[in-house]
Amino acid sequence: MVVLFGKVGRVSDARKLFDGLVGRDMVRWTAMLSCYEQNEMFHDAPEIFGQMRVEGVGMDVVVVVVVSVLSACANLLAMKEGELIHGLSVRIGIESYVNLHNALIHMYSRCGNIRAARSLFDASHLLDQISWNSMISGYLNCGSIEEARNLFNSMPTKDIVSWSAMISGYAQHDHFSETLVLFHEMQLQGIRPDETTLVSVISACTHLAALEQGKWIHTYIKKSNLKINTILGTTLIDMYMKCGCVENALEIFQGMEDKGVSSWNAVILGLAVNGLVEESLDKFSEMKRCGVAPN
DNA sequence: ATAGGGTTAG
């Protein structure tokens, strides 16, 4: 009920209900917090954390909840609110939990405050793989490819996420040849790409009109039994359509289990730019029949 | 109810 009130914007009703509850467990605390989150009322969250402490909730539980709020701030690019939570974490003495520390690095880097992220990173004696990967993706996101690459080179160990973050950084900032070069290097190191890695690599192939390499990756996907999810499928459709291989694109589309609006868009657009106007309009009708709302 | 990092297109 608390969550329900939150979903329809009746926050004060949710709070009244919450205050009247006897015996507040983890479910109820997070329900109240998600209610504030959904209504972007981050300023009210600290009080809830304070109450959790008064009622004797364990620190590790508080950390999980604070991390989830920070993660919401990162997704919403809500840095002011994230800073508020940061200050609160320091006050209640949980800033040195490694998960929390990483959630802070991620929040700042995703919000574009790369300096704040870096100073947490530099000051820390508890860096793990995730801290490094968050920093790399932060540099990406803000277009500092050189810094990202320097950090990447100096990483003690690189996992699949580190490689994918660096590869997608190149792809997102139009460094398509570097994308393919790094992908090649990754394979030489014996790291097997997954669906996420391949999305960036296929996108680079599309921009370079490197159809043969793109086809090689498609074969690799089939051979490795990787699942063609919505994003991967859409990326493949886009590649085949831009290279004029309409049949291959349609084959991918038909085989996809979940077709998001983006997959429909890629097909509709692809048919149109290949001169198949009627087919494009047919697909548009089919999409609406399937209950997918156009955007 | 929640639990830290990488994914497409226009």
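Only heavy atoms go into these numbers, but all of them, side chains included; no hydrogens, no water, no symmetry mates. Naming: A, B, ... by sequence-line order, numbering from 1 per chain. Just so you know, these numbers come straight off a predicted model, no measurement behind them.
Put simply, CG on A/D238 is 9 Å from C1' on B/dG10, counting in whole angstrom units. If you measure from atom CE of A/M155 to atom C1' of B/dG6, you get 11 Å, rounded to the nearest angstrom. A/D159 places its CG atom 12 Å from the P atom of B/dG6, with the value rounded to the nearest Å. As a whole-Å value, the separation of A/Y170 OH from B/dG6 P is 18 Å. Straight-line distance from the CE atom of A/M256 to the C1' atom of B/dA9: 12 Å, rounded to whole Å. In this structure, A/I268 atom CD1 and B/dG10 atom P are separated by 15 Å, rounded to whole Å. Atom CD1 of A/I231 and atom P of B/dT8 are 7 Å apart (whole Å). The CD1-C1' distance, from A/I202 to B/dA9, rounds to 13 Å in whole Å.
As judged by a 4.0 angstrom heavy-atom cut-off over every strand, A/T197 is placed among the base-contacting residues. Across all strands, A/I160 comes closer than 4.0 Å to base atoms (heavy-atom distances). When heavy atoms are screened at a 4.0 angstrom cut-off, A/V63 is found touching no nucleic acid atom at all. Residue contacts shown for A/S262 include a base, since a base heavy atom lies under 4.0 Å away. Among the protein residues, A/K158 comes within range of no part of the nucleic acid, since none of its heavy atoms lies under 4.0 Å from any strand. Counting non-hydrogen atoms under 4.0 angstrom, A/T235 reaches the backbone sugars and phosphates but no base.
Side-chain N/O atoms of A/Q172 include one lying less than 4.0 angstrom from OP1 or OP2 on B/dT8. At least one side-chain nitrogen or oxygen of A/S203 sits closer than 4.0 Å to the OP1 or OP2 atom of B/dA9. Taking 4.0 angstrom as the limit, A/K242 places none of its side-chain polar atoms (N or O) nearer than this to OP1 or OP2 of B/dT8.
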ask   = Would A/D128 and A/S131 satisfy side chain to side chain donor-acceptor pair (under 3.5 Å), going step by step from the backbone distance to the final call?
value = CA-CA 5 Å; A/D128 65 7; A/S131 334; 3.0 Å; yes
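Between A/F152 and A/W163, the ring center distance clears the sub-6.0 Å criterion.
Between B/dG10, B/dG6, B/dT8, one nucleotide has an atom nearer to the side chain of A/A165 than all others, and that is B/dG6. For A/N229, the side-chain atoms get nearest to B/dT7 when compared with the rest of B/dG10, B/dA9, B/dT7. Relative to the side chain of A/S164, the nucleotides B/dT8, B/dA9, B/dG6 differ in distance, and B/dG6 lies closest. Comparing B/dT7, B/dA9, B/dG6 against the side chain of A/D194 picks out B/dG6 as the nearest. The side chain of A/T234 lies closest to B/dT8 when the candidates are B/dT8, B/dG6, B/dT7.
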Got a list of protein N/O to nucleotides 1-3 of chain B N/O distances below 3.5 Å?
none

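Here the closest heavy-atom approach between residue A/Y139 and residue A/L151 is recorded as CE1-CD2, 4.0 Å.
Within a 6.0 Å sphere centred on CD of A/Q254, heavy atoms belonging to other residues, nucleotides or ligands number more than 12.
Using the six-membered ring where Trp is involved, A/W264 and A/F253 have ring planes that are perpendicular, over 60° apart on the 30 and 60° scheme.
Applying the ring-ring contact (aromatic ring centres under 6.0 Å, His included) definition to pairs two or more places apart or across chains, those involving residues 55-101 of chain A are A/H86-A/Y108.
The pair A/R149-A/E146 fails the salt-bridge criterion, with no side-chain N (NZ, NE, NH1 or NH2) lying under 4.0 Å from an Asp/Glu carboxylate O.
Judged as a salt bridge (Lys or Arg N to Asp or Glu O under 4.0 Å), and not counting sequence neighbours, A/K158 has no contacts.
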